[in-house]
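Have a look at the structure below, then the notes.
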Protein chains: 2
Amino acid sequence: MSQNKEHHSGTVTMESVGRLAGVSQVTVSRALNDPSKVSAKTLQRIKDAIELTGYVPNMVAGALASKRSHLIVALIPSITNFAYSEFIKHFIQVMRGHGYHVLTAETGLSMEEEESVLATMLSRRPDGIMMTGINHSAKCKRMLLGSGIPVVEIWDMTESPIDTCVGFSHAKSGEETAKFAHKKGYRNALAISAADERALRRKDAFCETFRKLGNNPVKEICLDSPASLELGRKSLAQAIDEGFKNGVVMCSSDLLAHGVIIEAQTRNLRIPEDIAVIGFGNQNFAAFTVPSLTSLHVDRAYLGSQAATALMARIDKKPLQKNCIDIGFEIVERDSA
Amino acid sequence: MSQNKEHHSGTVTMESVGRLAGVSQVTVSRALNDPSKVSAKTLQRIKDAIELTGYVPNMVAGALASKRSHLIVALIPSITNFAYSEFIKHFIQVMRGHGYHVLTAETGLSMEEEESVLATMLSRRPDGIMMTGINHSAKCKRMLLGSGIPVVEIWDMTESPIDTCVGFSHAKSGEETAKFAHKKGYRNALAISAADERALRRKDAFCETFRKLGNNPVKEICLDSPASLELGRKSLAQAIDEGFKNGVVMCSSDLLAHGVIIEAQTRNLRIPEDIAVIGFGNQNFAAFTVPSLTSLHVDRAYLGSQAATALMARIDKKPLQKNCIDIGFEIVERDSA
DNA sequence: TTGTATGCGTTATCAA
DNA sequence: TTGATAACGCATACAA
């Protein structure tokens, strides 16, 4: 009681809770973070005081003092894209179980955008960072490495991740799709792809493999807007206008594939006899289109939890068996191909 | 230089940047927050020092000192639901333009979940909060009011918001849908609705209005899982099994409506002659189904920016003309009804 | 089991 | 135009 440090402002702090409970601020802190270190009696008094005052912990102050923000920054290309939003949903759930909040931000598909978003996000001092993909600008990598913050890259595969990586090989998925199509007897192909780099890699691998297998040409359509039902329809229409008659259509997403199905039907083309369709993503509508859609499945829930687990291990500095986890994929055969 | 407070740890701070530039820490702070108050020369030296050191501002410390976190907490029922994710995308974009980050969290559809999520989020000391809907637990409202943080409730309408509200009337939208259906000559109806409270309110208003208008019965199906193409199909199948022969089908989402269309087609029912379909949400695929889907449109991009603008006004304590903004809706007539 | 002292990296308030 | 100083609310180390 020597100095008058009585600055009761309106806000409830550990200090004021402690005053009410007749203990010091530190004891309140302990009561919340490690109750076993506080006697039962004072614990109760503190709980009562918290109840009475409606105290809400201040993580901002806590983060500054402890240098742990309990915040994860997650960068994904698009929030509205179901593939990413479903992944992130599971990622968030696991992280929440560990006491972390996830600040999600959209990067579009350009490295510049990603770089500028990351730059402002780093000022939040996240304990971990999730990046989509393995291709980032040099400055981006420098910032990441320089920050010393654990990073997990997802939705792709590399031998040399920034830190850790959980995903699958897009090239391999394109290859396997081509092999599948060839084995099913299709000798003519059309590939419709969104313009993002990973989709293009799948498409290129598909085309190359398909050509090698049958020495047949593959017609390619590359979109410049985000995939949609509309663009699936228009792409098939365009291909047919340009002479595509029959064969298998490889799409970079199920939404496109559904559009192709619809367009084929309006033109009275039989599926899969005239036009066979293969999607990507195996969204939950794929089994219920008519005909049902053959699609490449990636377990996004599993990916989310694996990515979260890997990142948590790095944050807790626990040993990690592998810093690259390939979760693979699987072609789900249905009626469209 | 009296006391040796030389504790250069590894981290770059305003202190170390200042030391390099030959100025005090405060000057660095000013250079970043209000450059006009710093001379051109020192500004350049500071910029150079920042470049050299790779300094990244620490918003955690800034937030603690200024009591402004530049963080918004946004609570939505589901991240993967396109209606919410598209809204939040625009909300985030506008907020980002104002220098704010948006921490998005999922609440499911229960008030308890929302309450517990909100409780932990409040410890981040957000400058503003976005809540979905107008129904919250008493404790939730108490926490919100007690925090003194500006709140915007979206996607619904009320005369007595917690703070501000931007949305539309679900009851009215159900009414209008019924009037539309009746005017189009449909005298028999089926309503398929997800179980969330707002969808149910739309459905109830639809049923009540439709009955009043024609004195005809409305068959109702209420789902217990999130809406999907599959459930749209199954619901129509179930209704037909139970005797529903023809009429208009009001769906609580476009996804359900699309499922209804597909199921009707597999049964060789004509649309809209045998079965007419009205969706909700006017997702961008609605114009490209076959037949194209009549749907109730809500401008989610506009909603996002209006909500952000309203919240910003409250944060900046600028006057707000109205604390309730009804953005309305519109029935987009296409071929399915 | 509890308390004291100190620092986390900023912003805000003065003073020069 | 600049700088010294004091918060901001908590966690950590150390002492009792």
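Every chain is numbered from 1, with letters handed out A, B, ... down the list of sequences.
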Find the distance A:Met14:CE to D:dC8:P and express it as a whole number of Å. 16 Å
Does A:Arg68 put a side-chain nitrogen or oxygen below 4.0 Å from OP1 or OP2 of D:dT12? yes
Per the atom types in the model, does the base of D:dG9 pair as donor or acceptor with the side chain of B:Arg125 at under 3.5 Å? no
More 5' along DNA chain D: B:Gly22 or B:Ser66, using each one's nearest nucleotide? B:Gly22
Locate the shortest heavy-atom distance separating B:Gly304 from B:Phe87; write the atom from each residue and the value. CA-CE1, 3.3 Å
Distance check needed: C:dT10 P versus B:Asn33 CG, whole Å only. 10 Å
Answer yes or no: does a side-chain N or O of B:Thr42 lie under 4.0 Å from OP1 or OP2 of D:dT1? no
For D:dG9, does OP1 or OP2 lie under 4.0 Å from any side-chain N or O of B:Lys67? yes
Please report the shortest heavy-atom distance between B:Ser137 and B:Glu115, naming the atom on each side. OG-OE1, 2.6 Å
Among the nucleotides C:dT2, D:dT1, D:dT12, whichever has the atom closest to the side chain of A:Val26 is D:dT12
What is the separation between atom CD on A:Gln44 and atom P on C:dT1, rounded to the nearest whole Å? 16 Å
Output the rounded distance in Å from CG (B:Leu64) to P (D:dC8). 9 Å
Counting any heavy atom closer than 4.0 Å, what does B:Arg30 reach on the DNA or RNA strands: base, sugar-phosphate only, or nothing? base
B:Ser69 versus B:Ala63, closest heavy-atom pair with distance: CA-CB, 3.7 Å
Heavy atoms only, 4.0 Å cut-off, all strands: where does B:Val23 land among base, sugar-phosphate and nothing? sugar-phosphate
If the threshold is 4.0 Å, N to carboxylate O, is there a salt bridge linking B:Glu51 and B:Arg45? no
Along DNA chain D (nearest heavy atom to each residue), the more 5'-positioned of B:Thr27 and B:Ala65: B:Thr27
To the nearest angstrom, the CZ-P distance between A:Arg124 and C:dC8 comes to 22 Å
Gap between atoms NE2 and P, on A:His70 and D:dC10 respectively (whole Å): 14 Å
For A:His90 and A:Arg300, which I'm curious about, is there any donor-acceptor pair between the side chains at under 3.5 Å? no
Presence of B:Ser24 side-chain N/O under 4.0 Å of D:dG3 phosphate oxygens OP1/OP2: yes
If only side-chain N and O atoms of B:Thr11 are considered, is one of them under 4.0 Å from the OP1 or OP2 phosphate oxygen of C:dG9? yes
Nearest whole angstrom, please: distance from the P of C:dT11 to the CG of B:Asn58. 9 Å
Using heavy atoms to find the nearest nucleotide of DNA chain C for A:Leu43 and A:Gln25 separately, return the residue whose nucleotide is more 5′. A:Leu43
Once you round it to whole Å, what is the distance between C1' of C:dT11 and CG of B:Asp34? 13 Å
